[in-house]
Amino acid sequence: MSPPILPGSTLGVLGSGQLGRMLALSARAMGYRVHTFSPEKASPTGQVADLEIAAAYDDLEAVSDFARGVDVVTFEFENVSAAAAAAAAEHGPVRPAGKVLHTTQNRLREKDFLSSAGFPLPPYAAVRSLEDLREALGRIGCPAVLKTAGFGYDGKGQVRIHHPGDASSAWEALTGQEAVLEAFVDFEREVSVVAARGLHGDYEAFEVVDNQHRNHILDVSVAPSSLSPEIKGRAVEISRGILEALDVVGVLCVELFVTRGGDLLVNEVAPRPHNSGHLTVDACRTSQFEQQLRAVCGLPLGSPDQLAPAAMANLLGDLWSTGEPHWRAALALPGVHLHLYGKKEPRPGRKMGHLTALAASSREAEELVCRARDLLQQSD
Ligand code: AMP
């Protein structure tokens, strides 16, 4: 049995964005050293890590050197190649294992895995040619969504198809890459379950989160969800089943559609902390980042109990279009917390930070976080 990786040890993080930054902050609070690896310098994670290695993910020698210098390797970015994960695994534990990444970094592999394991998904079909697309549209019908199979996130590489006649323009828009056609789901809402599985199979889920997207990007998350306890219970059982089927050691987020009839359909899974779990940092006994650290280090999982209803609003680069946001106005509201990721360039659509608000109810927390974000755009 692998011994636990104790405080004082070094955590290696492949990827260097805001997820790695918040993981590194938790790890450092608990006395770990943190090394991060990505092609970037002065990255959000690198700014708070003990060591930042800037090299390409396919530079397997650099990945091996990195892995030799740490006690356990984890990810904050799931598009690391299987070869890089395997190179790291030659030198010590990689958690979650490379095969979890391999399955989840391609939509088609992920859907095939989930459907063969019996999890509920929207109808889908593999599309590798225009003929495939026409045939799949005949079967699935319109409206539908065509998504690239690999390297898509936040709605990138997606086209809505309203009419079978749009097949060739949709196929061209995705530049002929391997894709998945999905039925468009007229959902009642979107929810997520962020949960962790420890080295010995122990499992803990955070409260189910209600999510609202804008332009395919997460905008506002609220927890606890206002769904019925029965549907929330089913969502958590799906999450538990997926973590077990994938044999995850670490944190995994399952995003689900709730249909108008109360059925749950899995949209996608991410084998790492997730944007919809950021509110756990201010609202829960254990944050999703501390939970990832505990899981990958073989420590007991922490309590995911939520201490107050909470809401999170993302701050995209667009907020900077008229100058520096009005931080003082938002922070004057009691119960509002600011998290910024140390990114220099506020490009439109880029996640720069988020606000969290705690209140007496989920609805009040949502109203408060939206009011706080609106105040950021007010002038003095
Ligand atoms: P994804 O990158 O697949 O998570 O898609 C981003 C967002 O697009 C989702 O959170 C939904 O709001 C929307 N979306 C994606 N796929 C579908 C679908 N099949 N039906 C309805 N909405 C979808």
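Atoms within each ligand, like the ligands themselves, are counted from 1 in listed order. Positions are given from 1, in the same order as the sequence printed here.
Contacts between Asn267 and ligand 1, counted as non-hydrogen atom pairs separated by less than 4.0 Å, involve the side chain only. Contacts between Arg107 and ligand 1, counted as non-hydrogen atom pairs separated by less than 4.0 Å, involve the side chain only. At a 4.0 Å heavy-atom cut-off, ligand 1 touches Ala183 through the backbone alone.
Not a single heavy atom of Ala144 lies less than 4.0 angstrom from ligand 1.
Taking every heavy atom of Glu190 and a limit of under 4.0 angstrom, the matching atoms of ligand 1 come to 9 (C), 10 (O), 11 (C), 12 (O).
Taking only nitrogen or oxygen atoms, main chain and side chain alike, His213 reaches within less than 3.5 Å of ligand 1. Among the atoms of Val185, some N or O lies under 3.5 angstrom from an N or O of ligand 1.
Look at Arg28 and Asp50 and you find a salt bridge, because one of the NZ, NE, NH1 or NH2 atoms lies within 4.0 Å of a carboxylate O, short of that distance. The pair Arg214-Asp318 fails the salt-bridge criterion, with no side-chain N (NZ, NE, NH1 or NH2) lying under 4.0 Å from an Asp/Glu carboxylate O.
Of the listed options Gln158, Lys147, Glu182, Gln158 places a heavy atom closest to atom 2 (O) of ligand 1.
Here the rule is side chain to side chain contact (heavy atoms under 4.5 Å, CB included) with Leu218, and of Gln212, Glu190, His278, Met312 only Met312 fits it. Results of the side-chain hydrogen bond (donor to acceptor under 3.5 Å, both in side chains) test with Arg21 over Glu76, Gln47, His339 single out Gln47 as the only residue that passes.
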Begin from the C-alpha positions of Phe66 and His91 and carry the test ring-ring contact (aromatic ring centres under 6.0 Å, His included) through to its verdict. CA-CA 9 Å; Phe66 170 74; His91 305 284; over 10 Å; no

One pair to check against side chain to side chain donor-acceptor pair (under 3.5 Å): Glu52 and Ser43. What are the steps and the verdict? CA-CA 8 Å; Glu52 179 180 54; Ser43 62; 2.5 Å; yes

